[in-house]
Enquirer: 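First the structure, then my questions, so here it is.
Everything numeric here is computed off the predicted structure, so don't read it as measured data. Every number for a ligand or one of its atoms is a count from 1 in the order of the listing.
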Amino acid sequence: MPRREIEGDWVMGWPDRKRPALIAGKDSQGRVINGRAPLVELEGLITPTDAYHVVSQLEFPEPIHPDDWTLTLGGEVERPIEFSLKELQKLPGRTVRAVTECAGNDAGFFDYLQKGSKKPSRINQQDMNQRAVMREQNALPSTDEIGNESTTTGAVSAGEFTGVPLAEVLKKAGLKPGAVSVRMEGFDRGQPDLAVQYRSVGRADFQLVDPGVINYEKGLPLAKALHPDTLLAWAMNGEYLLHVHGAPVRAVVPGWSGNWWVKWLQKIEVLDHMPECYYQKHYFVYGNSPEDPNKKMITAMGVRCIIIDPLDEDSPLERGAHKIRGLAWSGMGGITRVEVSLDEGKSWHDAHLEEPRERWLWMRWSYLWEVGTPGHYRIMARATDETGRVQPQTPWNYQRKHFDGIVPTDVTIE
Ligand SMILES: Nc1nc2c(c(=O)[nH]1)N[C@H]1C(S)=C(S)[C@@H](COP(=O)(O)O)O[C@H]1N2
Ligand SMILES: [Mo]
């Protein structure tokens with residue numbers, strides 16, 4: 001084979017290499033206010049920081065210098081405390097590698113599996129700029145507009161987070177016996193973008209609760225707050241957090257969907273009850289319909305397994321050996337098994353699980369498929385986690401949160 005001429009950046013090496021880039025949405029000032037990770041372009045386990053998805057529910061806050069920042073801790077504690085970043089950093093630290101997955105990631109696949117609507121693509125993601133601009137203008141989409149949009153993929157990434165366990169911080173203040181939950185508040189403020197909720201449901205023809213101007217907040221149940229892997233983190237992937245990911249300090253709540261990972265923390269309050277935060281009472285809930293009186297807050301994610309290679313878009317494929325490859329993770333801990341089926345789920349074969357098997361991180365898996373007969377094939381994969389849960393775990397719910405169904409790849413072999 002002739003050698004290819006290489007003219008490019010010395011550091012990067014060959015110029016046409018694939019570098020994952022954020023699919024970003026910018027507001028009219030050119031500021032990135034949302035973004036999707038190019039999931040199918042990732043190699044390895046950690047999403048490069050610049051390609052990490054970005055989600056926010058309220059107005060983006062102005063950045064704050066760590067020297068001008070403090071975190072207050074009060075409520076049901078013996079000694080209310082105010083921490084500077086330096087003081088937080090004096091506590092015994094911890095690093096956790098974990099998947100951050102937006103609760104609405106892959107929501108469109110619910111409709112594909114339940115109603116047979118068109119299968120969303122993992123490659124062709126929607127124009128995020130349009131959303132960013134609509135957000136600035138407080139514009140609400142119509143049900144028709146939402147129906148014609150492609151859906152949410154790539155609202156998931158994996159990173160390494162360094163900080164201090166929330167439990168250590170709480171220990172310093174001393175929990176009072178009546179403690180039930182830990183309310184975490186961000187310094188971002190605004191009116192919830194109702195378009196986000198309409199998009200999540202997939203229609204805009206119903207009334208939403210409008211809480212007015214609020215700070216982003218979540219009330220974490222005490223048991224999860226005390227889990228040693230629940231962190232207050234100031235670093236991600238070996239450097240201080242970027243502003244868009246919640247600097248100076250954000251919460252990291254492994255296994256629970258992104259909305260629990262409060263960014264831009266400014267206040268922590270221990271409560272003797274569960275608070276009625278908008279983002280756990282009205283949004284980020286399970287229910288049958290917007291009118292359902294028994295909505296429940298969402299917490300841990302289900303069991304996830306996605307096929308990254310091949311995709312439908314790679315079809316047709318030649319006869320021969322193909323490596324079927326993907327990622328698997330779970331909201332309850334490590335993955336113990338991934339199985340692949342090539343006959344519509346009648347028989348399942350164990351896939352190879354690539355080390356390391358980290359509790360909160362996704363795992364790469366693969367299966368070598370030898371195919372000699374032309375035809376249409378359906379490739380399916382499903383995962384099992386260390387608690388014995390097999391996907392799917394999460395039933396359809398009207399906000400289409402925590403999708404964890406089995407999405408096949410359909411290919412033709414020539
Ligand atoms: N303060 C604050 N924290 C927040 C949010 C927000 O709007 N404000 N959005 C949440 C949601 S819905 C998600 S999915 C994650 C996304 O984190 P990332 O942007 O770092 O990927 O942040 C969460 N933390
Ligand atoms: Mo989210």
Side-chain angles (χ1 to χ4, degrees), residues 22-25 31-39 46-64 69 71 98-107 128 131-132 135 152-161 163 183-197 199-200 211 213-220 231-237 239-268 277-280 282-285 297-299 301 331 399-403:
L22 187 71
I23 299 148
R31 310 185 309 180
V32 171
I33 63 165
N34 57 36
R36 297 281 155 74
L39 198 57
I46 299 294
T47 308
T49 306
D50 289 342
Y52 220 89
H53 75 283
V54 178
V55 176
S56 69
Q57 304 292 331
L58 302 169
E59 268 153 50
F60 240 78
E62 290 299 319
I64 187 164
W69 174 87
L71 177 67
V99 171
T100 321
E101 183 168 13
C102 183
N105 185 41
D106 285 354
M128 300 301 287
R131 291 188 176 195
R135 163 82 152 273
T152 335
T153 56
V156 61
S157 306
E160 179 187 274
F161 298 91
R183 191 178 74 86
M184 306 179 289
E185 181 188 286
F187 57 79
D188 51 333
R189 233 179 126 63
Q191 202 154 355
D193 181 5
L194 301 182
V196 170
Q197 203 173 147
R199 286 200 171 95
S200 167
V213 174
I214 54 173
N215 282 74
Y216 191 81
E217 52 162 12
K218 292 286 285 191
L220 193 59
L231 304 182
L232 303 185
W234 52 81
M236 171 170 150
N237 297 348
E239 62 175 332
Y240 279 108
L241 280 178
L242 300 187
H243 174 54
V244 292
H245 296 301
V249 173
R250 81 171 306 168
V252 169
V253 187
W256 290 27
S257 46
N259 54 90
W260 288 98
W261 300 42
V262 180
K263 306 200 270 192
W264 306 300
L265 281 171
Q266 68 173 5
K267 185 176 179 187
I268 290 179
C277 305
Y278 172 81
Y279 285 111
Q280 66 203 71
H282 298 290
Y283 192 43
F284 299 120
V285 290
M297 70 176 184
I298 59 175
T299 59
M301 306 283 303
Q399 289 184 353
R400 303 187 294 181
K401 297 307 188 196
H402 290 197
F403 173 83

Enquirer: Would you please classify the geometry between the F284 ring and the Y279 ring as parallel, tilted or perpendicular, with 30° and 60° separating the classes?
Expert: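 Y279 and F284: tilted rings.
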Enquirer: Do V244 and F60 have side chains that approach each other closer than 4.5 Å (heavy atoms only, starting at C-beta)?
Expert: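 Touching, per the 4.5 Å side-chain cut-off.
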Enquirer: Does V55 reach ligand 1 with a nitrogen or oxygen that is under 3.5 Å from one of the ligand's nitrogen or oxygen atoms?
Expert: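 Min N/O separation from ligand 1 is below 3.5 Å for V55.
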Enquirer: Go through ligand 1 atom by atom and flag the ones less than 4.0 Å from a non-hydrogen atom of C102.
Expert: 14 (S)
Enquirer: Which bit of W264 gets closer than 4.0 Å to ligand 1, counting heavy atoms only: side chain, backbone, both or neither?
Expert: side chain
Enquirer: Output the list of atoms in ligand 1 that are nearer than 4.0 Å to some heavy atom of W261, sorted by atom number.
Expert: 22 (O), 23 (C), 24 (N)
Enquirer: Just by modelled atom types, is the K267 backbone N or O under 3.5 Å from a matching donor or acceptor in the R183 side chain?
Expert: no
Enquirer: How close does the nearest protein non-hydrogen atom get to atom 3 (N) of ligand 1, and which residue and atom is it?
Expert: K263 N, 2.8 Å
Enquirer: Suppose I only count heavy atoms of Q57 and a 4.0 Å limit; which atoms of ligand 1 are within that range?
Expert: 6 (C), 7 (O), 12 (S)
Enquirer: Would you kindly specify which portion of F284 sits under 4.0 Å from ligand 1, judged on non-hydrogen atoms: side chain, backbone, both or neither?
Expert: side chain
Enquirer: Judging by distance only, is a nitrogen or oxygen of T100 under 3.5 angstrom from one on ligand 1?
Expert: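 Min N/O separation from ligand 1 is not below 3.5 Å for T100.
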Enquirer: Quick check on contacts: which atoms of ligand 1 are under 4.0 angstrom from a heavy atom of H245?
Expert: 18 (P), 19 (O), 20 (O), 21 (O)
Enquirer: Would you say the side-chain atoms of Q280 pair up with the backbone N or O of G219, donor to acceptor, closer than 3.5 Å?
Expert: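 Yes, because the side chain of Q280 sits within donor-acceptor range (under 3.5 Å) of the backbone of G219.
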Enquirer: Write out the residue and atom name of the closest protein heavy atom to atom 15 (C) of ligand 1, then the distance separating them to 0.1 Å.
Expert: G258 O, 3.5 Å
Enquirer: Would you tell me which option among R250, M184, Q266, R189 has the nearest heavy-atom contact to atom 17 (O) of ligand 1?
Expert: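 Looking at heavy atoms only, R250 sits closest to atom 17 (O) of ligand 1.
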Enquirer: Nearest protein heavy atom to atom 8 (N) of ligand 1, by residue and atom, and its distance?
Expert: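 In this structure, atom 8 (N) of ligand 1 has D188 OD2, 2.6 Å as its nearest protein heavy atom.
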Enquirer: Which ligand 1 atoms does S56 reach within 4.0 Å, using its non-hydrogen atoms?
Expert: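 The atoms of ligand 1 under 4.0 Å from a heavy atom of S56 are 7 (O).
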Enquirer: Could you list the atoms of ligand 1 found under 4.0 angstrom from a heavy atom of V54?
Expert: 19 (O)
Enquirer: Should R189 and V213 count as side-chain neighbours, where that means a heavy-atom distance under 4.5 Å?
Expert: yes
Enquirer: Quick check: does any side chain N or O of N237 sit under 3.5 Å from a backbone N or O of T47, one acting as donor and the other as acceptor?
Expert: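 Yes, N237 side chain to T47 backbone: donor-acceptor pair under 3.5 Å.
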Enquirer: Mark yes or no for whether Q57, through its side chain, and P192, through its backbone, hold a donor-acceptor pair below 3.5 Å.
Expert: no
Enquirer: If only atom types and distance count, is the side chain of Q399 paired as donor or acceptor with the main-chain N or O of H282 below 3.5 Å?
Expert: yes
Enquirer: Purely on distance, is any nitrogen or oxygen of H53 under 3.5 Å from one on ligand 1?
Expert: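 The answer is yes, given that H53 and ligand 1 share an N or O pair closer than 3.5 Å.
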Enquirer: Once side chain to side chain contact (heavy atoms under 4.5 Å, CB included) is applied, do any residues pair with D188, and if so which ones, sequence neighbours excluded?
Expert: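 D188: side chain to side chain contact (heavy atoms under 4.5 Å, CB included) contacts with L58, P61, Y216, W264.
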Enquirer: When you check the side-chain N and O atoms of H53 and T100, is any donor under 3.5 Å from an acceptor?
Expert: no
